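Accompanying notes for the structure given below.
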Amino acid sequence: MPDLEFTASVDFIRERVAEDVKVKKNGGRVHTRFPPEPNGYLHIGHAKSICLNFGVAAEFKGLCNLRFDDTNPSKETVEYEESIQRDVRWLGFDWDDRMYYASDYFGKLYEYAVQLIKDGNAYVDSLNADEIREYRGTLTEPGKNSPYRNRSVEENLNLFERMRAGGFEDGTHVLRAKIDMASPNINMRDPVIFRIMNVPHYRQGSKWVIYPMYDYAHPISDALENITHSLCTLEFEDHRPLYDWCLEKLPVPSRPVQIEFARLNLSYTVLSKRKLLTLVTEGTVNGWDDPRMPTLSGLRRRGYTPEAIRSFCESIGVAKRDAIVDVAQLEHAIRDDLNRRSQRVMAVLRPLRVVIENYPEGQGEELDAINNPEDASAGTRKVPFNRILYVEQDDFRENPPKQFFRLAPGREVRLRYAYFITCKEAIKDAAGKVVELRCMYDPATRGGDSPDGRSPKATLHWVSAAHALPAEARLYDRLFNEERPDNDSPINPNSLELVRSCQVEPSLKAAKPGDRFQFERIGYFCVDPDSKPGALVFNRTVTLRDTWAKIEKSLKK
RNA sequence: UGGGGCGUGGCCAAGUGGUAAGGCACAGGUCUUUGGAACCUGUAUUCGAAGGUUCGAAUCCUUCCGCCCCAGCCA
């Protein structure tokens with residue numbers, strides 16, 4: 001029986017699509033598209049749009065196209081295009097054979113423009129950019145008609161053809177839609193629809209020297225692909241009358257509708273393409289896939305899973321109000337996913353040597369460890385134990401504060417899957433730094449349980465010094481310290497911390513780039529592409545929730 | 001200022017005239033060989049504000065306030 005009490009509510013877009021399907025609009029067909037411009041890498045904000053577009057299509061048994069909005073050759077490259085394809089696929093979506101390019105419609109777009117001219121709906125303007133701006137008016141004052149606005153159809157046709165043929169300098173002429181220079185909507189004040197750019201296009205080469213503007217190319221591209229619902233972000237809301245105008249004036253094969261939703265904003269994160277580009281070009285970060293970047297490639301390298309990103313996108317909803325989602329919600333999504341599926345492993349980030357004085361020298365043994373307590377089918381593995389171990393420096397305090405349950409002089413703790421040990425003495429170097437712990441173990445507690453039922457308050461992770469593998473850990477923190485960073489915000493100087501002298505359990509020997517693990521008690525880590533056998537490199541995806549850190553923080557206040 | 005949108009707890013977000021879902025975060029607690037996970041409990045007499053309509057309003061009307069977007073030959 002379906003649980004009627006918990007019928008999930010749907011967002012306003014799905015509601016509207018459902019209504020259209022119900023009344024058999026477009027024959028009940030649903031067809032969306034994801035239309036990125038190949039001028040940068042996709043980020044988590046795009047993921048929201050991808051999940052929406054592909055998601056809506058799938059839910060209504062429809063289709064979603066991938067379409068490159070490549071109408072501005074000065075910014076677009078094949079590298080970006082390829083990264084976009086890779087990232088959409090990685091996120092888990094498939095466009096089958098429906099990959100399109102606005103640039104493939106340039107011919108059509110040109111013909112439609114000729115039609116517009118013939119119908120008296122477009123004209124060639126020869127004002128320069130500054131003049132056009134002046135003539136446009138302001139928010140409160142209407143614009144004025146260009147002196148070229150009433151050129152004859154013949155003259156317009158001739159000029160436009162010459163624009164296409166080449167020979168004109170950039171900016172000498174533009175094709176404008178003839179709408180209304182006094183419109184209160186500035187987008188309707190005779191918007192430019194074609195401009196001259198003597199720049200080769202990354203796919204079309206030098207075939208064109210005039211390129212269509214987004215506002216003109218987009219509705220027509222949608223119509224040519226028989227898109228039914230064209231979903232875009234809020235800032236295009238007042239472009240909608242222009243979107244509709246294009247479709248009304250031209251004999252296009254279908255009539256899509258544009259629906260706008262609020263783009264994603266994340267706290268402590270910047271999602272503007274311009275700023276992201278700057279971070280990359282100025283070398284503030286190490287490329288588009290720097291694990292601190294909110295790009296899909298960065299998140300991937302960081303260790304985020306597509307499932308977590310999709311689940312995050314589902315959790316934030318789709319609405320029209322401007323919102324800033326707490327980055328903690330994203331972190332929750334990845335923890336939730338990784339908790340269920342990741343292999344547990346013991347790794348010591350900052351090693352502190354421990355000598356078990358009463359453990360026989362030369363002796364060693366292997367202990368059973370559970371691979372994933374959330375998944376019995378993940379099985380167990382053997383972990384070597386020895387007289388000399390490493391534990392985490394943070395797990396020992398010479399003078400433990402209240403509520404610190406871990407190791408301290410005289411304190412007994414459990415070593416996970418191993419024995420209880422009691423600290424007898426802390427050895428210091430000349431500078432007074434604790435460099436070694438002398439401990440005693442209780443042989444009766446093998447595996448981690450005591451016959452007398454006593455149970456230490458703390459369980460520590462550890463590695464056998466003789467068996468552990470050296471590794472590097474890259475610990476990431478938020479890229480910005482400001483909750484709402486702007487274009488000038490400095491990055492968090494501690495956004496990357498390199499820890500080079502880690503010791504990890506030997507089962508990690510064969511770990512390959514992309515493999516994910518939970519380092520018990522520390523966090524989730526992902527093997528970096530820089531990693532090599534014998535020189536392992538792990539990226540920290542996200543920390544585990546850390547109750548002690550919270551207590552310690554409140555203690556300091 | 002002209003136009004277009006939006007205002008429900010700290011952050012998201014349901015709700016579409018019948019008496020405020022859910023998630024995140026936070027705070028307690030249970031359990032625990034990860035101070036993890038899981039589980040339980042708590043957190044809006046109130047929906048930007050003020051009027052009005054109605055037996056009854058977050059939902060309808062009026063006015064006001066606040067926030068976002070638009071003056072690229074970017075998308």
Side-chain angles (χ1 to χ4, degrees), chain A residues 5-6 8-11 15 35-37 39 69 71-72 74-75 125 127-129 132-134 136-143 170-176 183-189 191-197 210-211 213-215 217-218 232-241 260 262 267 273-274 314-333 335-336 339-340 344 346 369-370 373-374 403-406 414-418 420 445 447-449 455-461 518-523 543-551:
Chain A
E5 277 185 78
F6 292 96
S9 56
V10 297
D11 56 74
E15 207 168 89
E37 181 187 11
N39 69 343
D69 223 324
T71 56
N72 183 351
S74 67
K75 294 181 176 177
D125 196 355
L127 253 25
N128 65 39
I132 286 183
R133 188 181 320 115
E134 285 163 23
R136 186 154 35 223
T138 68
L139 295 179
T140 50
E141 306 154 38
D170 287 7
T172 48
H173 307 281
V174 291
L175 185 71
R176 291 233 249 171
S183 172
N185 181 344
I186 291 183
N187 296 296
M188 298 298 270
R189 316 238 262 232
V192 171
I193 59 179
F194 263 98
R195 79 287 213 181
I196 297 169
M197 287 180 95
I210 58 171
Y211 294 94
M213 298 288 289
Y214 166 88
D215 282 322
H218 207 82
C232 65
T233 44
L234 251 30
E235 67 271 26
F236 293 105
E237 211 154 14
D238 37 43
H239 292 234
R240 193 168 65 225
E260 313 83 11
S267 62
K273 270 190 170 181
R274 179 196 161 281
E314 200 172 312
S315 80
I316 57 174
V318 178
K320 292 197 72 159
R321 71 183 85 105
D322 253 311
I324 302 175
V325 175
D326 192 337
V327 72
Q329 200 157 336
L330 212 211
E331 294 175 349
H332 171 264
R335 283 196 187 101
D336 193 47
N339 171 55
R340 274 193 292 264
R344 270 62 169 176
M346 291 199 282
I370 293 168
E374 306 293 322
Q403 299 182 78
F404 181 89
F405 305 142
R406 282 110 97 147
R414 170 168 39 229
L415 294 181
R416 181 146 231 228
Y417 302 124
F420 293 0
T445 57
D449 287 305
S455 183
K457 283 189 129 173
T459 298
L460 271 40
H461 63 277
Q518 183 198 96
F519 287 1
E520 292 214 29
R521 302 209 304 135
I522 300 175
T543 63
L544 249 29
R545 280 190 63 211
D546 190 346
T547 307
W548 165 243
K550 274 182 197 167
I551 294 171

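Keep in mind that the numbers below use all heavy atoms, side chains included, and drop hydrogens, waters and symmetry copies. All chains are named by letter (A, B, ...) in the order of the sequence lines, taking the proteins before the strands, and each is independently numbered beginning at 1. Model, not experiment: these values are computed from the prediction.
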Polar atoms only, N or O, under 3.5 Å: list the protein pairs with nucleotides 68-72 of chain B and their distances.
unit_1: B/rC68; atom_1: O2'; unit_2: A/D322; atom_2: OD2; d: 2.8
unit_1: B/rA71; atom_1: O3'; unit_2: A/R136; atom_2: NH2; d: 3.4
unit_1: B/rA71; atom_1: O2'; unit_2: A/R136; atom_2: NE; d: 3.3
unit_1: B/rG72; atom_1: OP2; unit_2: A/R133; atom_2: NE; d: 3.3
unit_1: B/rG72; atom_1: OP2; unit_2: A/R136; atom_2: NH2; d: 3.1

task: Let me see the working for A/K75 and A/E37 under salt bridge (Lys or Arg N to Asp or Glu O under 4.0 Å), right down to the final yes or no.
output: CA-CA 9 Å; A/K75 294 181 176 177; A/E37 181 187 11; 6.0 Å; no
- prompt: Any side-chain heavy-atom pair from A/L460 and A/R416 closer than 4.5 angstrom?
  reply: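 Result no, sub-4.5 Å side-chain heavy-atom pair not found.
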query: Any side-chain heavy atom of A/I210 sitting closer than 4.5 Å to one from A/M197?
result: no
Between [N] and [M], how far is it from one [atom1] atom to the other, in whole Å?
N: B/rC55; M: B/rU19; atom1: C1'; result: 12 Å
N: B/rC68; M: B/rC11; atom1: P; result: 15 Å
N: B/rG4; M: B/rU8; atom1: C1'; result: 23 Å
N: B/rC64; M: B/rU1; atom1: P; result: 12 Å
N: B/rU41; M: B/rC24; atom1: P; result: 15 Å
N: B/rG10; M: B/rG5; atom1: P; result: 29 Å
N: B/rG48; M: B/rG15; atom1: P; result: 16 Å
N: B/rG35; M: B/rA21; atom1: C1'; result: 33 Å

query: Counting side-chain heavy atoms from CB outward, which of B/rG5, B/rA13, B/rC73 is closest to A/A319?
result: B/rA13
[X] side chain near [N] phosphate (N/O to OP1/OP2, under 4.0 Å):
X: A/T71; N: B/rA75; answer: yes
X: A/R321; N: B/rG66; answer: no
X: A/R521; N: B/rG36; answer: no
X: A/R176; N: B/rC73; answer: no

query: With syn defined as a glycosidic torsion within 90 degrees of 0 and anti otherwise, which applies to B/rG29?
result: anti
task: Starting from the 5' end of RNA chain B, give me the residue, A/E15 or A/T547, whose nearest nucleotide shows up first.
output: A/E15
query: How do A/I316 and A/R344 order along RNA chain B: which one's closest nucleotide is nearer the 5' end?
result: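 Going by which nucleotide is closer to the 5' end, it is A/I316.
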query: Stacking between A/W548 and the base of B/rG35 (centre distance under 5.5 Å, interplanar angle under 30°)?
result: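 Yes; centroid distance and tilt both under limits.
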Test side chain to side chain contact (heavy atoms under 4.5 Å, CB included) applied to A/R136 and A/I186, step by step: CA-CA 8 Å; A/R136 186 154 35 223; A/I186 291 183; 3.8 Å; yes
message: Between the side chains of A/K550 and A/D546, is the shortest nitrogen-to-carboxylate-oxygen separation below 4.0 Å, so that they form an ion pair?
response: no
field: Whole-Å gap separating C1' (B/rC12) and CG (A/D11)
entry: 14 Å
field: Whole angstrom value for the distance that separates C1' of B/rA37 from CD of A/E374
entry: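 It works out to 5 Å between those atoms.
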message: Within the 4.0 Å heavy-atom criterion, would you say A/Q403 contacts the bases, only the backbone, or no part of the nucleic acid?
response: base
- request: Name the nucleic acid region contacted by A/I324, choosing base, sugar-phosphate or nothing; use a 4.0 angstrom heavy-atom cut-off, strictly under.
  value: sugar-phosphate
N/O to N/O distances under 3.5 Å, protein versus nucleotides 25-32 of chain B:
unit_1: B/rC26; atom_1: OP1; unit_2: A/K550; atom_2: NZ; d: 2.8

